[in-house]
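Before any comments, here is the structure.
Atoms considered below: every heavy atom in the structure, side chains included; atoms not considered: hydrogens, waters and symmetry mates. Nothing here was measured: the structure is a model prediction, and the numbers come from that model.
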Amino acid sequence: MPIGIDNTSLWLRDIAAVFGAEEPVERLIAAEEAELKEALREFRPLFEGKKVFVSAGEFRALATSRLLQEIGLEVVGIRSFHHDDFANVEYEKLAGESKSDYVVDIANVQPFEEANLLKRLKPDLFLGHANGNMTAAKLGIPTHVIYNTGLSYIGYRGVYEVARRLHRQLKNPSYNRNLSQNIRLPYTENWYGAEPFSYLNTSGRAVNE
C-alpha cells in the first residue's frame with residue numbers, strides 16, 4: 001500500500017520498473033521526499049517521545065504504523081484483526097525501526113484485551129477504524145480514524161495530512177480527557193491488573209470457547 005514515505009516510494013519504483021521510467025521517477029521521489037521532510041519539520045518536536053497504538057486490519061495497521069514511525073511517533077502496540085504469515089516481513093520492518101519492543105494483539109472483537117493493553121501501555125494517541133475507537137476514547141486517549149473519509153491518506157500528501165491532524169489532536173486532547181472523567185468502561189480493576197492474554201490457552205483459542 002502506498003501509505004507512508006518508504007511505501008509510497010517503493011510503490012512508485014515498482015510502477016516505474018514496468019514502464020522503464022526509473023530515471024524520471026527517481027527525480028520525482030527525491031523532490032517529493034525533500035519537500036515532505038521540510039513540511040514535517042514543524043510537527044516533529046511535539047511528536048518526539050509520544051506513543052501510539054494502532055488497531056485495524058493487518059496490512060492497514062502495519063502500513064499506518066510505519067507511517068507513524070516515519071513522522072517521529074513511537075508505536076507501542078498493534079491490534080490486528082487477523083494474521084497472515086506473509087505479513088511477518090512487515091512486522092520485522094517495524095521492529096527494525098522501533099526504539100523498543102511493541103505489543104501485537106491478534107484479535108477481533110475482543111475489547112477487554114484492548115482496554116487492558118491501553119491501560120498498561122498508556123499511549124498518547126490511538127488510531128483505529130471509525131467504529132473501533134470507543135474504548136480508547138473512554139480511557140481519555142486522543143483518537144484518530146484510519147482512512148478518515150475526506151482526508152487524503154495515501155501518498156506523500158497523505159503523510160502530511162495525517163501528521164497535521166495528529167499534531168492538532170496532541171496539542172488539544174481536552175475532549176477525550178473530559179470524556180474519561182464522565183464515562184467509565186465496564187471492567188474491574190482486577191482485570192486491568194491481570195495479564196491481558198490470560199484468557200488464551202497455549203493452543204491460541206479462547207479458554208471459554
Query raised in the report: Should E74 and K51 be marked as a salt bridge (Lys or Arg N to Asp or Glu O under 4.0 Å) after you check the CA-CA gap, both sets of side-chain angles, and the distance that decides it?
Result: CA-CA 5 Å; E74 179 185 358; K51 301 183 294 184; over 6 Å; no

4.5 Å side-chain heavy-atom contact, [X] and [Y]:
{"X": "T8", "Y": "I154", "result": "no"}
{"X": "D84", "Y": "H82", "result": "yes"}
{"X": "P2", "Y": "N7", "result": "no"}
{"X": "K171", "Y": "H167", "result": "yes"}
{"X": "E33", "Y": "Y156", "result": "yes"}
{"X": "I5", "Y": "L67", "result": "no"}
{"X": "I141", "Y": "P123", "result": "yes"}
{"X": "L127", "Y": "V52", "result": "yes"}

Query raised in the report: Please walk me through it: do L166 and L73 pass side-chain contact (heavy atoms from CB on, under 4.5 Å)?
Result: CA-CA 10 Å; L166 297 183; L73 294 161; 4.0 Å; yes

[X], [atom1] atom: more than 12 neighbouring heavy atoms under 6.0 Å:
{"X": "Q181", "atom1": "CD", "value": "yes"}
{"X": "E26", "atom1": "CD", "value": "yes"}
{"X": "W11", "atom1": "CH2", "value": "no"}
{"X": "N88", "atom1": "CG", "value": "yes"}
{"X": "R44", "atom1": "CZ", "value": "yes"}

Requested in this report: Could you go through the side-chain contact (heavy atoms from CB on, under 4.5 Å) check for I71 and Y160 one step at a time?
Outcome: CA-CA 9 Å; I71 64 176; Y160 177 79; over 6 Å; no

Query raised in the report: Going by atom types only, do N172 and S174 share a side-chain donor-acceptor pair under 3.5 Å?
Result: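 N172 vs S174: donor-acceptor pair found between side chains.
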
Query raised in the report: With no hydrogens and no angle check, do the side chains of Y153 and T64 hold a donor and an acceptor under 3.5 Å apart?
Result: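 Yes, a side-chain donor-acceptor pair sits under 3.5 Å.
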
Closest heavy-atom pair and its distance - [X], [Y]:
{"X": "A194", "Y": "N116", "answer": "O-ND2, 3.0 Å"}
{"X": "A16", "Y": "V25", "answer": "CB-CG2, 3.5 Å"}
{"X": "L185", "Y": "A115", "answer": "CD1-CB, 4.3 Å"}
{"X": "E113", "Y": "A107", "answer": "OE1-CB, 3.6 Å"}
{"X": "S65", "Y": "V75", "answer": "O-CG2, 3.6 Å"}
{"X": "R177", "Y": "S180", "answer": "O-OG, 2.7 Å"}

Gap separating the [atom1] atom of [X] from the [atom2] atom of [Y], nearest 0.5 angstrom:
{"X": "F43", "Y": "R168", "atom1": "CZ", "atom2": "CZ", "result": "10.5 Å"}
{"X": "L117", "Y": "Y192", "atom1": "CG", "atom2": "OH", "result": "11.5 Å"}
{"X": "R157", "Y": "L36", "atom1": "CZ", "atom2": "CG", "result": "12.5 Å"}
{"X": "E161", "Y": "S152", "atom1": "CD", "atom2": "OG", "result": "6.0 Å"}
{"X": "L139", "Y": "E114", "atom1": "CG", "atom2": "CD", "result": "9.0 Å"}
{"X": "K50", "Y": "L170", "atom1": "NZ", "atom2": "CG", "result": "6.0 Å"}

Hey, quick one: are [X] and [Y] part of the same hydrophobic cluster, counting side-chain heavy atoms closer than 4.5 Å, chains of contacts allowed?
{"X": "V159", "Y": "L28", "answer": "yes"}
{"X": "L68", "Y": "L46", "answer": "yes"}
{"X": "L200", "Y": "Y187", "answer": "yes"}
{"X": "M1", "Y": "I15", "answer": "yes"}
{"X": "F53", "Y": "F197", "answer": "yes"}

Requested in this report: Could you walk me through whether I78 and V103 pass side-chain contact (heavy atoms from CB on, under 4.5 Å), step by step?
Outcome: CA-CA 6 Å; I78 297 173; V103 174; over 6 Å; no

Query raised in the report: Of all residues at least two apart in sequence or in a different chain, which pass the side chain to side chain contact (heavy atoms under 4.5 Å, CB included) check with I106?
Result: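 S80, H83, Y91, V104.
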
Query raised in the report: Short question: side chain of E22, backbone of R13 - any donor-acceptor pair under 3.5 Å?
Result: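 The answer is no, because no donor-acceptor pair under 3.5 Å joins these two groups.
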
Query raised in the report: Is any NZ, NE, NH1 or NH2 atom of the basic residue among R66 and E90 found under 4.0 Å from an Asp or Glu carboxylate oxygen of the other?
Result: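 Answer for the salt bridge query: no.
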
Report task. Look at E23 together with R27 and state whether they make a salt bridge at an N to O cut-off of under 4.0 Å. Result ->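 Yes, E23 and R27 are salt-bridged.
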
**Report entry** Ring centres under 6.0 angstrom apart (F86, F59)
**Finding:**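 Between F86 and F59, the centre distance is under 6.0 Å.
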
**Report entry** side-chain contact (heavy atoms from CB on, under 4.5 Å) evaluation trace for H129 with S55
**Finding:** CA-CA 7 Å; H129 287 294; S55 174; over 6 Å; no

